[in-house]
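See below for the structure under consideration.
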Amino acid sequence: MTKSYIHIILQIARREVFRIATRPLYLFCMIIAPLFCYIFFTTLMWNGLPTDLPAGVVDLDNTATTRSIIRNLDAFQQTKVIAHYASFADARKAMQQGKIYAFYYIPRETTEKALSSRQPKVSFYINYSYLVAGSLLYKDQRTMSELAGGAITRATLYAKGATEDQAMAFLQPIVIDTHVLNNPWLNYSVYLSNTIIPGILMLLIFMTTVYTIGSEMKTNTQKEWMGMANNSITLALTGKLLPQTIVFFIMTTFYNVYLYGFLHYPCNSGILPMLLAGLLLVLSSQAFGIFLFGLFTTVRLALSAASLWGVISFSISGMSFPVMAMHPVLQALANLYPLRHYFLIYVDVALNGYPLIYAWHSLVALMLFMLLPFFVLKRLRTVLLQYVYIP
């Protein structure tokens, strides 16, 4: 009497649970590594943005005005003036040695030229080898330069008899009222952690799926596995990956609760749509792992391809550099990465608060990834039943 499909799947799943429990590598890839990454990346950016970044000052003018500029620069949250240098060469050497990320250069006669309307020039030098630190210090120093110029101009206007309203109308004829949407705290972790953490989990799913199938061939147990499924590749894969799907979905649920429930990151449409997106990411990542192994049929090549595809996902998903600013070819290729579609769902649903229907194209894309194994099932079945692994 033929066993029912459900009984076959559960029997294979029970076998897989035993394999997972007896191999520490599975425990590391499925539980320990994800948990470590969750805690590492969120605590690394616990304050939202780096603060008190070390900077230096070269003040050759040394007047009350320039000293006020330096105090105001030091008052910025991201900037901490840790040293005063006697010359440009000393400050440059300190920056090359990594002691400071930037320095502010004030030449001689800056105050005198400003008061006589001769447009003095101040300079600031940034080490952009450290992109985040350099960008933040550049913003602070540029802002300070504009504020200092405005303060000196305002003092000059007051000296000429202008009222406060007249001076402010001259300095700022158009007042800008800025409102930051969805992330008013400008928390850098909100932008990165919501994509880096699922991306790392996706990469681990890629590699675990490939290794799970390949390990059967390495231990020469693939025929036993296929025999339990009556040589049905669909039943064999379903039963084998079912325990991993459950564990990875639990890890997905955990990071959603951790980010939105414990850390209170913006989740403007509720957590359920993000749990659905997480489930689709898990299933599409497993499907992509099956596709890679069926395409290359060797563990080494499939793992290499999975690693490469997963790592490139971080750059091409759009979280660090907008996809619309990329070359048109790269914009098209971005659609071939599951993380890109998860990122779009996160932006539309969690960050912007749109209903899930507005992200239907990304949901459909993740579902299409789940169809990839059907292109290699026949080839994969042949490999598992006929090929012999040679170390």
Side-chain angles (χ1 to χ4, degrees), residues 1-17 19-20 26 29 202-249 279-310 312-313 332-333 335-339 341 363-391:
M1 180 177 177
T2 305
K3 297 178 181 178
S4 68
Y5 291 157
I6 295 179
H7 181 73
I8 292 174
I9 291 173
L10 293 178
Q11 193 176 35
I12 297 174
R14 191 181 304 113
R15 173 179 178 269
E16 185 63 20
V17 169
R19 291 171 67 92
I20 292 174
Y26 285 106
C29 291
M202 178 200 69
L203 176 60
L204 291 171
I205 295 173
F206 281 175
M207 301 182 70
T208 304
T209 303
V210 170
Y211 176 78
T212 298
I213 301 173
S215 64
E216 294 283 357
M217 297 185 64
K218 292 185 69 173
T219 56
N220 200 27
T221 57
Q222 71 274 21
K223 293 184 179 179
E224 172 193 339
W225 168 39
M226 291 294 293
M228 293 178 65
N230 294 331
N231 291 335
S232 169
I233 186 63
T234 304
L235 293 179
L237 289 173
T238 302
K240 189 166 188 62
L241 296 181
L242 179 60
Q244 295 183 24
T245 303
I246 295 173
V247 173
F248 281 125
F249 181 64
L279 176 60
L280 292 178
L281 181 67
V282 170
L283 294 175
S284 61
S285 299
Q286 288 183 311
F288 196 80
I290 297 172
F291 174 76
L292 289 177
F293 188 86
L295 189 64
F296 294 101
T297 68
T298 60
V299 181
R300 182 180 67 257
L301 291 178
L303 281 176
S304 299
S307 303
L308 178 64
W309 210 262
I312 293 178
S313 298
L333 290 176
N335 295 310
L336 301 180
Y337 295 82
L339 187 61
H341 303 286
L363 294 172
V364 171
L366 289 177
M367 293 178 184
L368 290 177
F369 276 102
M370 295 163 58
L371 300 179
L372 284 176
F374 291 99
F375 292 97
V376 296
L377 283 183
K378 184 177 180 181
R379 175 181 171 86
L380 185 56
R381 182 178 183 275
T382 302
V383 169
L384 293 175
L385 290 177
Q386 299 181 10
Y387 286 20
V388 177
Y389 175 78
I390 302 177

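One finds the CG atom of L384 at 5.5 Å from the CE atom of M226 (value rounded to the nearest 0.5 Å). Note that CG of L372 and CE of M370 are 10.5 Å apart. Values are rounded to the nearest 0.5 Å. Here the CG-CD1 distance, from L380 to I290, works out to 8.0 Å after rounding to the nearest 0.5 Å. For the atom pair OG1 of T209 and CD1 of I205, the computed distance is 7.0 Å after rounding to the nearest 0.5 Å. Note that CG of L366 and CG of L283 are 9.5 Å apart. Values are rounded to the nearest 0.5 Å. A distance of 10.0 Å separates CD in Q11 from CZ in R15, rounded to the nearest 0.5 Å.
Closest of all the heavy-atom pairs between V282 and F248 is CG1-CB, 3.9 Å. Between L385 and K223, the shortest heavy-atom distance links the atoms O-CE, 3.2 Å. Scanning both residues, I12 and A229, for their nearest heavy atoms gives CD1-CB, 3.6 Å. In this structure, P243 and G239 approach most closely via the heavy-atom pair CD-O, 3.3 Å.
Of the possible polar contacts, none joining the T221 side chain to the E224 backbone as a donor-acceptor pair under 3.5 Å is found. At distances below 3.5 Å, at least one donor-acceptor pair connects side-chain atoms of S215 with backbone N or O atoms of T212.
Applying the ring pair (Phe, Tyr, Trp, His ring centres under 6.0 Å) rule to pairs touching residues 202-223 yields Y26-Y211, F206-F288, sequence neighbours excluded. Within the structure, salt bridge (Lys or Arg N to Asp or Glu O under 4.0 Å) pairs that include any residue of residues 236-249 comprise E16-K240, E216-K240 (at least two apart or interchain). Among pairs with a residue in residues 285-295, those fulfilling side chain to side chain donor-acceptor pair (under 3.5 Å) read T245-Q286, at least two apart in sequence or across chains.
For R381, the salt bridge (Lys or Arg N to Asp or Glu O under 4.0 Å) test picks out no residue, with sequence neighbours left out.
Between C29 and M207 the shortest side-chain heavy-atom distance does not fall below 4.5 Å. Contact of the N335 side chain with the H341 side chain is registered, since non-hydrogen atoms from C-beta on lie closer than 4.5 Å. A heavy-atom distance below 4.5 Å is found between the side chains of M217 and V383. Side-chain contact between V247 and Q244: absent, with no pair of heavy atoms (C-beta onward) separated by less than 4.5 Å.
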Taking distance alone, no hydrogens or angles, what donor-acceptor pairs closer than 3.5 Å link side-chain atoms of residues 291-310 to residues at least two apart or in another chain?
from, atom 1, to, atom 2, distance (Å)
S304, OG, R300, O, 2.9
S307, OG, L303, O, 2.9
W309, NE1, L336, O, 3.2

Please tabulate, for side-chain N and O atoms in residues 231-238, each donor-acceptor pair with protein atoms closer than 3.5 Å (sequence neighbours left out).
from, atom 1, to, atom 2, distance (Å)
S232, OG, L235, N, 3.4
T238, OG1, T234, O, 2.7

